[in-house]
There are 2 protein chains.
Amino acid sequence: MVLRMRTKVKALPGCPMSRCMALLGGCWTPEVLWSLSDGPRRFSELRRDIPAISAKVLTGRLRDLEERGVLARHVMPTSPPTVEYELTSLGQELLPAIRSIVEVGSRLLLRDSPRLMIASPSLRG
Amino acid sequence: MVLRMRTKVKALPGCPMSRCMALLGGCWTPEVLWSLSDGPRRFSELRRDIPAISAKVLTGRLRDLEERGVLARHVMPTSPPTVEYELTSLGQELLPAIRSIVEVGSRLLLRDSPRLMIASPSLRG
DNA sequence: CTGTATCCCCGTGGATACTG
DNA sequence: CAGTATCCACGGGGATACAG
């Protein structure tokens with residue numbers, strides 16, 4: 001995807017869509033969650049998965065998602081440092097929505113240009 | 001939900017998530033689509049469904065979604081004018097993703113505060 | 001490798017007032 | 001009723017440089 005969603009998303013109390021979008025609606029958030037959906041990833045791997053994101057913004061999103069309890073950050077005491085990010089159980093609960101988004105998008109792409117489609121939709125083609 | 005996503009979202013060619021998020025990822029877009037999901041609605045009805053949105057922004061979103069082929073605008077030649085907005089078939093194709101988002105949000109709310117939940121998740125409680 | 005610190009810029013939303 | 005016109009303010013992203 002290409003950018004353009006604000007980050008500071010607050011939930012409207014009691015609204016289901018709001019509750020969910022507050023967690024996955026921020027800029028780059030769907031990409032990050034999708035990248036983490038099949039296992040932990042390091043900072044540099046995330047950057048490779050989402051080439052268009054800057055380090056600053058990726059850091060910001062990761063911190064924010066960590067605060068919200070969507071993912072966990074693990075620092076390995078190596079040199080140079082290794083950091084892994086992993087979805088929490090809350091983060092896992094968001095995946096059905098992400099998958100649905102990816103499915104809908106795949107169907108739209110299929111309709112648009114059937115010959116260009118590839119088998120498995122992914123950020124990391 | 002409460003605001004905070006930018007509007008001008010452009011799809012990354014060939015990326016399914018991007019294709020879908022370009023259509024439903026804009027600010028207020030999920031709310032608008034959700035409000036239209038069970039039939040056409042007038043401008044003023046949309047405003048009532050989404051109290052926090054301003055007329056200017058709602059107009060902007062509606063124009064944008066119309067351009068993208070997500071919804072259609074019907075002006076009835078009455079006085080004063082009556083305008084109805086309705087999902088196109090493309091718009092309908094986005095609904096599974098919206099519904100998934102609502103479902104996930106409902107489950108999160110249930111976990112957070114079981115006693116506060118209401119039967120049918122909706123913007124128009 | 002995994003970040004942080006600045007600086008700048010512009011899109012975007014809110015409020016308000018006005019119109020056909 | 002269904003918008004449009006203006007003005008403003010702000011925060012968030014990009015780029016770049018630097019750090020532990």
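Every chain is numbered from 1 and lettered A, B, ... according to where its sequence line falls, protein lines coming before strand lines. Please read these numbers as outputs of a predicted model, since none were measured by experiment.
- Look at CZ on A:R63: it is 18 Å from C1' on D:dG13, rounded to the nearest Å.
- The CG atom of B:L46 sits 8.5 Å away from the CD1 atom of B:I53 when rounded to the nearest 0.5 Å.
- Taking every heavy atom of both residues into account, B:A72 and B:H74 meet most closely at CB-NE2, 3.8 Å.
- Atoms CZ (B:R42) and C1' (D:dG3) sit 13 Å apart, rounded to a whole Å.
- Near DNA chain D, meaning a heavy atom under 4.0 Å from it, residues 71-78 of chain A has no residue at all.
- Regarding A:D64, its CG atom lies at a distance of 14 Å from the P atom of C:dT4, rounded to whole Å.
- Note that the CG atom of B:L58 and the OG atom of B:S44 stand 10.0 Å from one another [nearest 0.5 Å].
- Considering only residues two or more places apart in sequence or on other chains, B:T78 meets the side chain to side chain contact (heavy atoms under 4.5 Å, CB included) condition with B:M76, B:T82.
- Look at B:S44 and you'll find a side-chain N or O under 4.0 angstrom from OP1 or OP2 of D:dA2.
- Using a 4.5 Å cut-off on side-chain heavy atoms (C-beta onward), B:L108 and A:L23 make contact.
- Looking only at side-chain heavy atoms (C-beta outward), A:L87 and A:L95 come within less than 4.5 Å of each other.
- Axis orientation changes by 60° from one end of the helix from C:dC1-D:dG20 to C:dG20-D:dC1 to the other, with each end axis drawn from 5 pairs and the value rounded to 10°.
- Among the nucleotides C:dT2, D:dG14, C:dG13, the one closest to any side-chain atom of B:C27 is C:dG13.
- Not counting sequence neighbours, the partners of A:R107 by the side chain to side chain contact (heavy atoms under 4.5 Å, CB included) test are A:E103.
- Within 4.0 Å (heavy atoms only), A:R47 reaches no atom of the nucleic acid at all.
- One can place CD1 of A:I53 at 8 Å from P of D:dG14, the figure rounded to the nearest angstrom.
- One interatomic measurement links the two molecules: CD of B:E45 to P of D:dA2, which rounds to 8 Å at whole-angstrom precision.
- Heavy atoms only, all atoms of each residue included: A:S35 and A:D38 are closest at O-OD1, 3.6 Å.
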How does protein reach along nucleotides 15-20 of chain D, written 5' to 3' as B (base within reach of a heavy atom under 4.0 Å), S (only sugar-phosphate), or - (no contact)?
-> B----B

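- The structure places CZ of B:F43 at 3.5 Å from OG1 of B:T59, a figure rounded to the nearest 0.5 Å.
- The stretch residues 86-98 of chain A participates, sequence neighbours left out, in these salt bridge (Lys or Arg N to Asp or Glu O under 4.0 Å) pairs: A:E93-B:R111.
- Summarising the geometry, the separation between CG on A:L58 and P on C:dT4 is reported as 11 Å, rounded to the nearest angstrom.
- Separating the CG atom of A:L46 from the P atom of C:dC1 is a distance of 13 Å, rounded to the nearest angstrom.
- Separation of atoms CG (B:L36) and CD (B:E31) is listed at 11.5 Å; rounding is to 0.5 Å.
- In this structure, the CZ atom of A:F43 is 10 Å from the C1' atom of C:dT4, given to the nearest Å.
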